[in-house]
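Have a look at the structure below, then the notes.
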Amino acid sequence: YWTGSLLDRNLTMHNTQRNLLVFGLAREEDYRALPVTGNDGSSQFGLAAVANMLPALLLLPALWLWRHRSYRPVRVGVVLHRVERRYRIPATGLAVAALVLSANAWPFATPVFSQYDADLGDRPYQAVIDVVSVRGGVAVWSMPEARDVSVHSFGPLGTVTVKTDPYTDILPRTTGYAGFGGVYQDTRTAAEPGGMWDRLLTDSLAARRTAPPFAYGEIAFHTPGEAGIELNQVLNVLRVRERSVAGVVDAMRTGRVYAVAEPNRVLGLRLERFDIGTDDGERTATAGDVFTRNGAADVAIRVDVSGAAAGLKPVTLVIVRSGQVVARTTGNLPLSQRFVDRALPVGQGAYYRVEVHGEGEILSNPIFVKPGPPGPS
């Protein structure tokens with residue numbers, strides 16, 4: 001949306017980089033249904049569309065003037081003549097005006113939401129998420145903490161500032177999206193223990209949200225080598241049930257994915273194992289699954305991290321339970337940790353996730369633990 005005034009010659013365009021990434025829509029009509037500006041397929045007819053068509057009415061007087069003629073008497077000597085008068089020039093002017101104004105208003109249908117309305121709030125974004133969800137895709141909030149500001153001068157006409165502020169505040173206000181960019185090359189706080197992501201996951205655990213949001217990796221790649229950014233510096237590793245588009249979308253929707261970032265791509269970080277199970281290892285669950293705890297039985301978290309390069313700086317592995325760090329270890333790769341959580345209260349649900357920090361970074365999605373009926377430990 002826009003703020004400012006043409007009178008003071010300073011305008012600001014807001015939220016140009018408040019982006020939703022859409023995956024898994026299989027048909028052209030699915031994309032044409034997205035209620036976004038510039039997508040004619042989602043436009044609608046109403047009073048505004050009728051107003052857009054009004055300039056075409058100028059063709060009626062243009063046609064009348066083109067065909068109309070009048071006569072005026074002109075005396076030449078003693079003879080009185082009738083001189084025909086035509087109105088082709090004003091008729092042509094009206095016709096040109098009608099065509100130009102109509103072309104400017106084309107297509108006559110108007111977008112569902114106006115980009116000039118600063119009072120729309122989150123409704124345009126929620127509408128896109130809802131359409132994507134209904135049509136079987138997944139929507140992901142892109143880089144919600146990235147800042148973007150640029151100022152463009154137009155000489156005596158003034159300046160236009162294009163600006164996007166961090167917008168993690170929209171995450172709790174919207175629903176139905178699959179997740180957000182949690183790993184990318186910029187300042188980030190949402191995925192820190194106890195941060196915005198953990199608050200949303202806690203809401204999901206308490207059934208205050210219909211589904212948990214998951215975290216993914218992103219890369220702001222434009223051209224090779226630009227700003228030191230390469231396409232393979234941030235990866236998403238998915239655990240799919242089948243090697244297909246549907247399998248990838250299903251893994252994204254259910255959180256069977258972890259993100260790994262390596263600016264220099266020399267460490268080869270891999271999350272070889274992350275599961276939760278009984279202390280004896282008889283039952284386990286991995287990211288995207290739900291583990292049912294038997295009574296007061298302790299849960300065991302097992303994490304293995306590997307790397308292709310040896311002798312580099314050590315990494316730190318962190319286990320987070322429901323927003324709180326419950327285990328931390330630092331060492332060289334490969335690095336393993338087995339943590340038995342004996343402090344989880346009986347009858348209480350929880351979730352666990354893993355972070356790895358060092359020369360690279362790993363961010364896993366959570367495994368949820370729900371209390372079950374009393375049973376053998």
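Note: hydrogens, waters and symmetry copies are ignored here, and every other heavy atom, side chains too, is used.
- Between the CD atom of Gln126 and the CG atom of Leu20 there is a distance of 9.5 Å, given to the nearest 0.5 Å.
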Derivation of the side-chain contact (heavy atoms from CB on, under 4.5 Å) call for Val162 and Val149: CA-CA 6 Å; Val162 180; Val149 179; over 6 Å; no
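- When side chains are defined from C-beta on, Pro90 does not count as touching Pro61, because their heavy atoms never get closer than 4.5 Å.
- Under the 3.5 Å distance criterion, the side-chain polar atoms of Tyr258 are left unmatched by any main-chain donor or acceptor of Asn236.
- In terms of heavy atoms, Ala91 sits closest to Leu65 at CB-CB, 3.7 Å.
- Between Phe23 and Met252, the closest heavy-atom pair is CD1-CE, 3.7 Å.
- Two residues are said to be in side-chain contact when any heavy atoms from C-beta on lie closer than 4.5 Å; Val318 and Val356 fail this criterion.
- The NE2 atom of His222 sits 7.0 Å away from atom CD1 of Ile229, with the distance rounded to the nearest 0.5 Å.
- Put simply, the side chain of Trp197 does not reach to within 4.5 Å of the side chain of Pro212, judged on heavy atoms.
- Atom CZ of Arg173 has more than 12 neighbouring heavy atoms from other residues, nucleotides or ligands inside a 6.0 Å radius.
- A centroid separation of less than 6.0 Å is found between the aromatic rings of Tyr125 and Trp141.
- Gln17 CD to Met143 CE: the interatomic distance, rounded to the nearest 0.5 Å, is 9.5 Å.
- The shortest distance between side-chain heavy atoms of Thr37 and Phe113 does not fall below 4.5 Å.
- Taking hydrophobic clusters as Ile, Leu, Val, Met, Phe, Trp and Tyr residues chained together by side-chain heavy-atom distances below 4.5 Å, Val326 shares a cluster with Val299.
- Contact check for Ser364 versus Val257: no side-chain heavy atoms found under the 4.5 Å cut-off.
- Atoms CZ and OG, on Arg199 and Ser322 in that order, are 14.5 Å from each other to the nearest 0.5 Å.
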Kindly determine whether Val303 and Leu317 satisfy side-chain contact (heavy atoms from CB on, under 4.5 Å), including the steps that lead there. CA-CA 9 Å; Val303 184; Leu317 188 157; 3.5 Å; yes
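- Cluster membership check: Val234 does not share its hydrophobic cluster with Val248, using side-chain heavy-atom separations under 4.5 Å among Ile, Leu, Val, Met, Phe, Trp and Tyr.
- The backbone N or O of Thr12 lies less than 3.5 Å from no partner atom in the side chain of Thr161, so there is not a single donor-acceptor pair.
- For CD of Glu242, the number of neighbouring non-hydrogen atoms (other residues, nucleotides, ligands) closer than 6.0 Å is greater than 12.
- No hydrogens or angles considered: nothing links the side chains of Glu230 and Asn232 as a donor-acceptor pair under 3.5 Å.
- For Arg208, the CZ atom counts as densely surrounded, since its 6.0 Å shell holds more than 12 non-hydrogen atoms of other residues, nucleotides or ligands.
- Scanning both residues, Tyr177 and Ala139, for their nearest heavy atoms gives CB-O, 3.4 Å.
- Put simply, Val240 and Val237 are part of two different groups of oily side chains (I, L, V, M, F, W, Y) that touch within less than 4.5 Å, one to the next.
- Using a distance-only test at 3.5 Å, with no hydrogens or angles considered, no donor-acceptor pair links the side chain of Arg256 to the main chain of Leu238.
- Residue pairs meeting the salt bridge (charged side-chain N to carboxylate O under 4.0 Å, His left out) criterion with at least one member in residues 323-350, sequence neighbours excluded, are Asp279-Arg338, Asp298-Arg342, Arg321-Asp341.
- Between Phe291 and Thr284 there is no side-chain heavy-atom pair separated by less than 4.5 Å.
- Between the side chain of Arg188 and the main chain of Gly181, no donor-acceptor pair closer than 3.5 Å is present.
- Within the 4.5 Å cutoff, the side chain of Val260 has no heavy atoms near those of the Leu271 side chain.
- Asp198 places a side-chain N or O within donor-acceptor distance of the main-chain N or O of Gly194, the cut-off being under 3.5 Å.
- Using modelled atom types and a 3.5 Å distance limit, the side chains of Asn15 and Thr164 yield no donor-acceptor pair.
- The heavy-atom pair separating Glu355 from Leu363 by the smallest distance is CG-CD1, 3.8 Å.
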Using the rule given for side-chain contact (heavy atoms from CB on, under 4.5 Å), can you reason through Arg209 versus Thr175, listing the C-alpha separation, both sets of side-chain angles and the distance that settles it, and then say yes or no? CA-CA 8 Å; Arg209 292 183 67 87; Thr175 60; 4.2 Å; yes
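- Rounding to the nearest 0.5 Å places CG of Leu335 at 8.5 Å from OG1 of Thr316.
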In sequence, state the C-alpha distance, the side-chain angles, and the governing distance for Gln324 and Val320, and then conclude on side-chain contact (heavy atoms from CB on, under 4.5 Å). CA-CA 5 Å; Gln324 301 293 322; Val320 179; 5.8 Å; no
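- Legend: ring-ring contact (aromatic ring centres under 6.0 Å, His included) pairs involving residues 321-361, not counting sequence neighbours, sorted by first then second residue: Tyr351-Phe368.
- By the rule that hydrophobic residues join a cluster once side-chain heavy atoms approach within less than 4.5 Å of another member, Leu269 and Tyr184 end up as members of separate clusters.
- Contact check on Asp304 versus Arg270 returns no salt bridge, with no Lys/Arg side-chain nitrogen under 4.0 Å from an Asp/Glu carboxylate oxygen.
- No side-chain donor from either of Glu145 and Thr187 sits under 3.5 Å from a side-chain acceptor of the other.
- Under a hydrophobic-cluster definition in which Ile, Leu, Val, Met, Phe, Trp and Tyr are linked whenever side-chain heavy atoms come within less than 4.5 Å, directly or via other members, Val140 and Ile129 are assigned to different clusters.
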Would you sort out whether Thr16 and His14 count as a side chain to side chain donor-acceptor pair (under 3.5 Å), showing the intermediate values? CA-CA 6 Å; Thr16 55; His14 297 268; over 6 Å; no
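- In terms of heavy-atom proximity, Val346 sits nearest to Ala296 at CG2-CB, 3.5 Å.
- Contact of the Val128 side chain with the Val36 side chain is registered, since non-hydrogen atoms from C-beta on lie closer than 4.5 Å.
- Arg18 has no carboxylate O lying under 4.0 Å from a charged side-chain N of Asp165, or vice versa, which leaves the two without a salt bridge.
- Between Lys163 and Asp148, no side-chain nitrogen of the basic residue sits less than 4.0 Å from a carboxylate oxygen of the acidic one, so the salt-bridge criterion is not met.
- Side-chain atoms of Arg293 come within 3.5 Å of backbone N or O of Ala297 as a donor-acceptor pair.
- No side-chain donor-acceptor contact under 3.5 Å links Ser70 and His68.
- Residue Thr286 is tested with Asn365, Asp275, Ile276 for a side chain to side chain contact (heavy atoms under 4.5 Å, CB included); the sole match is Asp275.
- For the residue pair Leu171 and Met196, the shortest heavy atom distance occurs at CD1-CG, 4.1 Å.
- Within a 6.0 Å radius of CD in Glu272, other residues, nucleotides and ligands contribute more than 12 heavy atoms.
- Summarising the geometry, atom OH belonging to Tyr167 is positioned 10.0 Å from atom OG1 belonging to Thr174; distances are rounded to the nearest 0.5 Å.
- For the 3.5 Å distance criterion, the side chains of Glu262 and Gln233 fail to qualify, holding no donor opposite an acceptor.
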